[in-house]
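Worksheet for the structure shown next.
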Amino acid sequence: DESEIYPQSIIVIDLNNISYINDNYGREEGDKVITEAANILIQNQLANTEIIRTDGNEFLIYLVGYSEKQIISYLRKLSKEFKGLSHGFGAASGYSIITDAIKTIDDAVNEATLAMKENKEDIEKIKGALENASVSGDFLSKTKEDVAQKKIVFKDGIGIGDAVIL
């Protein structure tokens with residue numbers, strides 16, 4: 001809270017389905033996925049950042065001097081890397097940017113955590129929509145281009161686009 005260098009950012013990352021992995025494959029396997037994720041974070045660490053493991057399957061990254069565009073680009077890169085984790089569950093993430101002394105680090109952590117939880121909910125909705133559509137064949141459009149751009153529209157009007165998938 002003492003730094004007067006802006007922008008400062010907080011990223012919260014929550015690994016998906018670690019409890020499922022622990023329950024079905026054992027804690028050693030869950031620990032392996034957490035270690036893989038930590039290694040990805042270390043290998044992709046940016047200058048002027050700190051990586052903190054805050055919970056069993058949650059990480060916080062504190063960044064100084066990065067624009068929102070740079071943060072989003074970094075998150076997309078991490079998301080792509082996390083898709084390669086064992087078991088393929090990936091991670092949900094959220095971020096918050098501090099541009100002045102009005103927003104505190106605690107405020108930013110809370111905001112980033114809420115954004116991560118919304119991202120996790122979006123992932124579950126997409127997963128459910130894709131599972132239901134693949135079973136029932138309810139695709140209205142499913143061209144190669146739609147799939148490549150992650151834009152699939154279902155008969156019920158649910159659309160999936162880049163806005164929800166980082």
(message) Please tell me whether Ser67 and Gln70 have a donor and an acceptor in their side chains that are separated by less than 3.5 angstrom.
(response) yes
(message) To the closest 0.5 Å, what do you measure between CD1 (Ile34) and OG (Ser86)?
(response) 12.0 Å
(request) Test Ile13 against every option in Leu41, Leu60, Asn57 by the side chain to side chain contact (heavy atoms under 4.5 Å, CB included) rule and name the one that passes. (result) Leu41
(message) Within the 4.5 Å heavy-atom criterion, are Ile10 and Leu63 side-chain neighbours or not?
(response) no
(request) Check whether any side-chain N or O of Asn119 sits under 3.5 Å from a backbone N or O of Ser93 as a donor-acceptor pair, and report yes or no. (result) yes
(message) Could you check whether any side-chain heavy atom of Ile61 comes within less than 4.5 Å of a side-chain heavy atom of Leu46, counting everything from C-beta outward?
(response) no
Kindly list each side-chain donor-acceptor pair under 3.5 angstrom involving residues 19-33, sequence neighbours excluded, with atom names and distances?
unit_1 : atom_1 : unit_2 : atom_2 : d
Asn24  : ND2    : Tyr20  : O      : 2.8
Glu29  : OE2    : His87  : NE2    : 3.0

(request) Show your reasoning for whether side-chain hydrogen bond (donor to acceptor under 3.5 Å, both in side chains) applies to Gln8 and Tyr66. (result) CA-CA 7 Å; Gln8 299 173 34; Tyr66 291 91; over 6 Å; no
(message) Could you report the tightest heavy-atom contact between Glu111 and Ser96, atom names first, then the distance?
(response) OE2-OG, 2.6 Å
(message) Quick check for you: to the nearest 0.5 Å, what is the distance between Asn48 atom CG and Glu50 atom CD?
(response) 9.5 Å
(request) Compare all side-chain heavy atoms of Tyr95 with those of Glu68 and state whether any distance is below 4.5 angstrom. (result) yes
(request) Taking all heavy atoms of Gly94 and all of Ala115, pick out the closest pair and write down the distance. (result) CA-CB, 3.8 Å
(message) Show every ring pair (Phe, Tyr, Trp, His ring centres under 6.0 Å) that has at least one partner inside residues 40-60, sequence neighbours left out.
(response) none
(message) Nearest 0.5 angstrom please: Ile18 CD1 to Glu58 CD, how far?
(response) 12.0 Å
(message) If I take atom CD1 from residue Ile126 and atom CD from residue Glu121, how far apart are they, to the nearest 0.5 angstrom?
(response) 12.0 Å
(request) Measure across Ser9 and Ile97 and return the closest heavy-atom pair with its distance rounded to 0.1 Å. (result) OG-CG1, 3.5 Å
(message) Looking at Lys103, is its backbone amide N or carbonyl O close enough to the side chain of Asp107 to form a donor-acceptor pair, meaning the two atoms are under 3.5 Å apart?
(response) no
(message) Hydrophobic cluster membership, with links at side-chain heavy-atom distances under 4.5 Å among I/L/V/M/F/W/Y: are Leu114 and Val12 in one?
(response) no
(message) Can you confirm whether more than 12 heavy atoms, excluding those of Ile102, are under 6.0 Å from its CD1 atom?
(response) no
(request) Measure the CG-CG distance between Leu85 and Leu15 for me, rounded to the nearest 0.5 Å. (result) 6.5 Å
(request) Flag the pair Val64 / Tyr6 as yes when at least one side-chain heavy-atom distance between them is below 4.5 Å, and no otherwise. (result) no
(message) What I'd like to find out is whether the side chain of Thr104 reaches to under 4.5 Å of the side chain of Ile98, using heavy atoms alone.
(response) no
(request) Hey, could you give me the CZ/CG distance between Phe89 and Asn16, rounded to the nearest 0.5 Å? (result) 8.5 Å
(request) Using the rule that two of Ile, Leu, Val, Met, Phe, Trp, Tyr join whenever any of their side-chain heavy atoms come within less than 4.5 Å, decide whether Val109 and Ile52 are in one cluster. (result) yes
(message) Just so I know, are the side chains of Tyr62 and Ile105 near enough to count as touching, which here means a heavy-atom distance under 4.5 Å?
(response) yes
(message) Is any side-chain heavy atom of Thr49 closer than 4.5 Å to one of Tyr74?
(response) no
(request) Answer yes or no: is there a side-chain heavy-atom contact under 4.5 Å between Gln43 and Glu81? (result) no
(request) Please confirm whether the backbone N or O of Gly56 pairs with a side-chain atom of Arg53, one donor and one acceptor, at under 3.5 Å? (result) yes
